[in-house]
Amino acid sequence: MIESLLAGTQAAEARPKTTRGPLYEAAELGFRPYWYPALLSRHLGTKPQAIKMLGENLVFIRAGGRAHALHDMCAHRGMPLSHGTCLTEGTITCAYHGWTYDVSDGRCVAALTDGPESPVPGKKGTGVQSYPVAERNGIIFVYMGSGTPPPLEDDVPDEVLRPDWTIQTVVSVWRGNWRAAVENGYDAGHASYVHRNSLRWRTAMSLQPAWSNVKESQVVGPYLRSGDGKPGKSEEIYPVVGRWPRHSWLRRKLAEFGRKPEHRRPFGNQFHLPCIIHNRYFYYAHIRWAVPVDANTTRNFQVFAGPYQGARAKAFKAHYWLWHRWVFHMMFNGQDEAIISKLDYSAPERLYRPDRSIVDLRKYIETHVRTEDGARPERTADDLAEILG
Amino acid sequence: MIESLLAGTQAAEARPKTTRGPLYEAAELGFRPYWYPALLSRHLGTKPQAIKMLGENLVFIRAGGRAHALHDMCAHRGMPLSHGTCLTEGTITCAYHGWTYDVSDGRCVAALTDGPESPVPGKKGTGVQSYPVAERNGIIFVYMGSGTPPPLEDDVPDEVLRPDWTIQTVVSVWRGNWRAAVENGYDAGHASYVHRNSLRWRTAMSLQPAWSNVKESQVVGPYLRSGDGKPGKSEEIYPVVGRWPRHSWLRRKLAEFGRKPEHRRPFGNQFHLPCIIHNRYFYYAHIRWAVPVDANTTRNFQVFAGPYQGARAKAFKAHYWLWHRWVFHMMFNGQDEAIISKLDYSAPERLYRPDRSIVDLRKYIETHVRTEDGARPERTADDLAEILG
Amino acid sequence: MIESLLAGTQAAEARPKTTRGPLYEAAELGFRPYWYPALLSRHLGTKPQAIKMLGENLVFIRAGGRAHALHDMCAHRGMPLSHGTCLTEGTITCAYHGWTYDVSDGRCVAALTDGPESPVPGKKGTGVQSYPVAERNGIIFVYMGSGTPPPLEDDVPDEVLRPDWTIQTVVSVWRGNWRAAVENGYDAGHASYVHRNSLRWRTAMSLQPAWSNVKESQVVGPYLRSGDGKPGKSEEIYPVVGRWPRHSWLRRKLAEFGRKPEHRRPFGNQFHLPCIIHNRYFYYAHIRWAVPVDANTTRNFQVFAGPYQGARAKAFKAHYWLWHRWVFHMMFNGQDEAIISKLDYSAPERLYRPDRSIVDLRKYIETHVRTEDGARPERTADDLAEILG
């Protein structure tokens with residue numbers, strides 16, 4: 001019975017069950033040939049750190065000031081290298097039999113328990129996979145694709161890499177697949193409902209619209225930018241439900257005092273491959289990576305970036321620690337986490353007009369994502385009109 | 001080796017491995033086209049309550065004094081509605097994008113974040129399944145079958161619904177499949193062993209028989225009634241084991257003083273579809289539903305019912321809270337739970353004479369259970385004689 | 001990418017992925033036709049004890065001073081017998097319906113709730129599997145194979161059974177498959193790395209070699225004995241890593257004072273089927289069974305045995321409790337457990353010269369293990385030369 005009802009969410013048999021294209025549908029563990037943030041610089045020393053990402057166990061270690069990443073499994077018997085130690089700078093030694101690897105390329109350089117003349121280092125199959133690592137502005141990035149990695153600049157938003165900008169970062173782990181976390185960030189529909197009572201908006205001295213018209217997304221350089229249309233009023237009268245939202249007297253007065261237009265959003269949400277939500281405000285930017293850990297876990301890297309140096313950078317940091325970190329990076333995103341952790345991402349979907357943003361996002365990913373071999377399946381996400389029909 | 005031994009529990013290859021017929025064998029999550037108790041009236045207000053039953057997540061909510069039940073998943077993106085809120089009486093609004101449903105029929109009446117003119121409410125596939133609900137005597141019942149539900153009276157014992165009776169109810173959750181919980185309640189064999197030291201029997205001023213002859217069950221109206229035969233003595237001499245049970249001097253003296261016949265049980269256990277154990281005593285009745293939650297969990301609704309009104313009802317309630325609730329609904333049933341939670345219900349079985357009750361029960365269910373389409377498989381449970389052979 | 005790299009650990013397609021032969025590869029839950037230690041005599045009384053081993057649930061009970069073992073599931077409805085009780089010495093009665101079994105052979109002797117004349121005891125398929133049990137020197141052994149068990153002496157090292165020896169035993173549970181635990185005990189390579197800082201070696205007044213040459217194992221009676229070759233120095237200079245290990249000044253001085261040769265190990269590690277590591281020292285022996293519990297759990301029986309009686313046995317016991325139990329049976333083996341519990345035993349392997357011991361062990365098991373029917377697959381572990389190539 002339930003099954004027949006749910007089948008009813010699809011108007012016809014021919015309609016696809018999802019607007020996710022085949023590449024995106026298969027990417028439960030993310031897209032490999034991209035740079036991803038792995039951990040913060042201040043969290044890595046010469047002690048090995050185990051980090052799981054894209055479904056694979058990695059071990060990070062610092063040597064000579066540089067960060068390195070290896071597949072976290074000794075080639076010999078399957079012991080995680082993250083339980084090993086650094087005997088000499090630039091190496092990691094497995095806890096079981098003392099196989100020792102060069103952290104820069106994963107080459108086996110010694111097998112201690114086989115003596116100094118051991119033939120192991122020269123042999124095939126005795127190394128572990130190493131991954132290219134880059135460290136910029138306090139964030140350690142790793143590239144887990146095959147072949148030569150692209151320039152870091154291709155995969156990381158400008159604001160994070162520019163030396164004349166200051167960034168502040170917080171890392172948090174969400175239950176839920178990374179795609180649910182990314183779609184939520186680009187989703188034009190949820191904001192006016194999920195975040196309506198966030199402290200950020202409560203104190204904004206403006207009233208958010210109850211809803212917004214959503215226009216087609218636009219490709220703008222490396223970004224897909226959501227097309228916000230004309231906003232609705234800050235309060236509306238709905239059938240059955242009646243007036244909503246019902247703002248408090250104080251909030252309305254503050255909004256009058258603020259004399260801001262009802263909807264004041266200069267730039268739309270932006271998406272950047274592989275998993276980045278980018279929001280530009282007047283003077284600063286908020287950037288979030290939803291990095292796949294495993295099929296049901298996502299590690300969020302949230303960056304607050306501003307074009308400041310010197311004393312102004314200090315003021316910017318103070319602003320971040322006193323206000324933005326708690327109100328935005330914790331409370332506001334906590335509202336999203338509360339949703340994503342409960343969502344059944346594999347459930348049948350019945351999309352509506354604001355999901356134009358989601359459908360555009362899925363199409364963009366399907367048609368623009370980098371693949372290891374450049375190949376791309378012929379079938380892509382179906383027409384918007386049909387989906388939202 | 002074990003396998004061959006266990007195979008030996010079946011005397012011949014032709015013998016079925018179980019006396020469960022195909023309908024019953026498949027009903028790991030219960031039989032859908034029946035009224036089931038879901039929760040107590042006093043536990044439901046306007047805050048949504050998530051209740052899992054028959055393997056499906058439901059959300060209950062009260063509106064205008066009436067209880068309602070919906071499938072607990074928003075049609076839009078798979079968010080559980082039980083995390084939603086009631087903005088206007090009679091509706092529930094999803095926590096993610098504000099899709100709002102009429103709780104009485106599951107129809108989508110508004111999609112807040114799509115504005116007052118949203119086309120969503122008028123479209124196909126935007127509703128969620130609703131289920132018929134009835135509320136009687138402090139218990140909320142739900143019907144999860146398809147089509148028109150039968151009268152509540154068909155599925156609920158008389159004593160629970162009569163206005164001239166008083167009922168008291170306790171709800172508890174057991175580990176174990178609902179069928180193990182139901183069979184245990186109808187099982188003629190276990191009582192004199194499992195419950196031999198229950199406080200109820202210790203204080204009964206009578207000695208229970210060590211065993212009983214079990215006769216064929218009888219269909220009596222909507223019930224299957226177990227056929228208790230001639231009871232054994234209160235103590236017997238067994239081969240190898242010797243005398244059993246060995247009652248204390250005090251217990252024997254009390255029994256003499258009580259001058260009750262050794263076995264005093266006016267009515268047999270009764271079973272009522274879909275999952276009800278019904279015990280009638282002289283003046284009152286004890287009724288228990290073993291409601292399937294999931295394959296390994298059962299929610300027991302235990303009802304203590306007496307034909308009382310007014311002052312006598314108050315005395316009846318006092319009796320319940322001071323004695324029956326603790327001694328019977330908790331201790332006595334706790335003994336059953338201790339068994340069911342450890343039992344391997346899928347283990348091979350080697351039945352014996354008292355299991356005539358179990359076999360009769362399984363046959364009755366197989367041949368009398370209501371099916372969605374009225375169809376019934378040809379093969380039913382095998383002959384009693386052969387099973388117990 | 002990872003897959004292709006790992007595939008590279010095999011030099012050619014033709015090379016087997018493991019040096020485990022088919023019998024050993026299939027023996028995730030151990031080899032059944034052997035005597036295994038199950039529990040200590042002092043842990044078993046007339047109260048039933050549930051013990052899982054070789055993937056099967058057993059119940060042990062003592063009757064008339066003798067230990068007995070049964071498959072832990074009542075033949076009637078699948079209730080674990082370990083929740084039952086002993087009403088009469090020599091029997092166990094199921095907690096559900098009072099089916100009572102003779103603990104010596106698993107025969108059903110009474111079905112209490114079916115009366116003294118119950119036909120159950122005489123019928124086929126009403127018993128449970130019993131297993132031969134032997135109790136020697138404080139350890140209870142069980143044989144879970146089919147057919148007649150071999151003499152206990154075939155499967156248990158001499159020192160454990162001799163009346164003129166004294167033994168002390170400790171039981172501990174490790175995470176990890178039993179094969180990883182056995183191989184670790186026979187492994188010639190790990191000792192000088194994993195145990196280099198154990199208290200036992202720190203106080204030995206000698207320096208262990210950094211590595212050892214490993215020669216071919218020898219079959220010596222019922223044992224496979226590892227072939228230790230010429231040891232390396234106590235400190236070596238390695239490529240890249242440099243000097244290792246770097247012993248403290250105190251440790252070197254103690255070693256000079258001790259004037260012991262650098263490597264003083266009179267006997268190699270020995271393996272005894274089915275899962276025994278046997279180490280002989282000058283006056284005593286250390287014996288460890290890695291008994292399979294389930295695929296990921298191992299129960300270790302560690303025995304410290306010395307040829308002592310009377311007052312010398314008391315001194316031996318004191319030595320054990322004051323020193324050996326803590327330093328060797330707990331700390332030293334705790335180092336091994338820390339490894340085994342983190343190892344991925346199913347990972348691809350890239351063996352090296354010291355793994356000659358592992359390969360010899362696997363070959364020995366594959367070609368010498370007792371099978372239920374005496375049959376043995378044709379293919380055995382491949383040539384050592386090729387494996388280590």
* From CA spacing to verdict: side chain to side chain contact (heavy atoms under 4.5 Å, CB included), B/Trp99, A/Arg350 -> CA-CA 11 Å; B/Trp99 283 37; A/Arg350 181 62 176 89; 4.2 Å; yes
* Part of B/Thr85 within contact of chain A (heavy atom distance under 4.5 Å) -> side chain
* Asked: With only heavy atoms counted, which part of B/Ala95 is less than 4.5 Å from chain A, the side chain, the backbone, both or neither?
  -> both
* Asked: Given side chains that start at C-beta, do those of B/Cys94 and A/Tyr193 come closer than 4.5 Å, heavy atoms only?
  -> no
* Structure fact -> Pair count under 4.5 Å, heavy atoms only, with chain A: among B/Gly90, B/Pro119, B/Cys74, highest is B/Pro119
* So what's closer than 4.5 Å to chain A heavy atoms on B/Val109: side chain, backbone, both or neither? -> both
* Might you work through the side chain to side chain contact (heavy atoms under 4.5 Å, CB included) test for B/Met79 and A/Asp344, ending with a clear yes or no? => CA-CA 6 Å; B/Met79 185 76 190; A/Asp344 180 356; over 6 Å; no
* Asked: Do other residues, nucleotides or ligands put more than 12 heavy atoms under 6.0 Å from B/Arg66 CZ?
  -> no
* Take A/Asp336 and B/Tyr96 through the side chain to side chain contact (heavy atoms under 4.5 Å, CB included) test and state the conclusion after the steps. => CA-CA 9 Å; A/Asp336 288 320; B/Tyr96 202 177; 5.8 Å; no
* Asked: OG of B/Ser82 to NZ of A/Lys342: how many Å apart, nearest 0.5 Å?
  -> 9.5 Å
* **Student check: side-chain heavy atoms of A/Tyr352 and B/Thr113 closer than 4.5 Å** => yes
* To do: Could you give me the CA-CA distance, side-chain angles and deciding distance for B/Asp102 and A/Val240, then say whether side chain to side chain contact (heavy atoms under 4.5 Å, CB included) is met?
  => CA-CA 9 Å; B/Asp102 185 322; A/Val240 182; 6.0 Å; no
* Asked: So with a 6.0 Å cut-off around CZ of B/Arg175, is the heavy-atom count from everything else above 12?
  -> no
* Asked: Can you tell me if B/His97 and A/Asp187 form a side-chain donor-acceptor pair at under 3.5 Å?
  -> yes
* Toward chain A, the part of B/His83 with a non-hydrogen atom under 4.5 Å -> side chain
* So, do B/Leu112 and A/Val241 sit near enough that their side-chain heavy atoms are less than 4.5 Å apart? -> yes
